[in-house]
Amino acid sequence: MLAQIFRFERGTNTPSIKTSSNDLFNEYVKPPIGAVWSQNAISIHGISPDSEKICDASKIEVVWRNFCSFIDDRVQPDEVAILLAYNGGSCDLKWLWKLTQAPNSTMNIPLQLQFFLD
């Protein structure tokens, strides 16, 4: 899971984008046993079930908790965040919906993430 925070500063005619290395979240997720791996995705990303990055990764529950802490630590309660995913509608946003909004889901989207863009 990869995310980066960009801040748009208001008050000038030209908005500036501010970010820092502290604003980057990057953790791999270890899929559950029996997960189906797409050969197309393996060839595009170069990551397979036996990749060290995957074998050493945490389960989604841990990574999601870390991601929520990342957002909570960097986005103030009175701020609004937008989750932007390039071509995310076909994959990432559906995955996030299943994780956080589908019936019987056990995880929540951080309150500051109020908008999604694809």
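On a predicted model such as this, the values are computed, not experimentally measured, just so you know.
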Go through the steps to decide whether Ile71 and Phe25 satisfy the test side chain to side chain contact (heavy atoms under 4.5 Å, CB included), and finish with yes or no. CA-CA 9 Å; Ile71 295 296; Phe25 179 87; over 6 Å; no

For the backbone of Met107 and the side chain of Arg65, can you confirm whether one donor and one acceptor N or O come within less than 3.5 Å of each other? no

Going by the rule side-chain hydrogen bond (donor to acceptor under 3.5 Å, both in side chains), which residues pair with Asp50 if we only count those two or more places apart in sequence or in a different chain? Ser48

Distance-only, no hydrogens or angles: does the Glu27 side chain make a donor-acceptor pair with backbone N or O of Val63 under 3.5 Å? no

Can you tell me if Ser51 uses its side chain to pair, donor with acceptor, with the backbone of Lys53 under 3.5 Å? no

If I compare all heavy atoms of Arg74 with all of Glu79, which pair ends up nearest, and what's the gap? O-OE1, 4.0 Å

Taking the side chain as C-beta and beyond, is there a heavy-atom pair between Pro31 and Ile54 under 4.5 Å? yes

Do Trp95 and Ile60 have side chains that approach each other closer than 4.5 Å (heavy atoms only, starting at C-beta)? yes

Looking at Ser58, is its backbone amide N or carbonyl O close enough to the side chain of Lys30 to form a donor-acceptor pair, meaning the two atoms are under 3.5 Å apart? no

Is there side-chain contact between Trp64 and Thr106, with heavy atoms separated by less than 4.5 Å? no

Between Tyr28 and Ile47, is any pair of side-chain heavy atoms under 4.5 Å apart? yes

Do Pro49 and Ile42 come within less than 4.5 Å of each other through their side chains, counting heavy atoms only? yes

Is there a donor-acceptor pair closer than 3.5 Å between any side-chain N or O of Thr100 and the backbone N or O of Asn108? no

Interatomic spacing from CG in Asp23 to CG in Asp73 - rounded to 0.5 Å: 11.0 Å

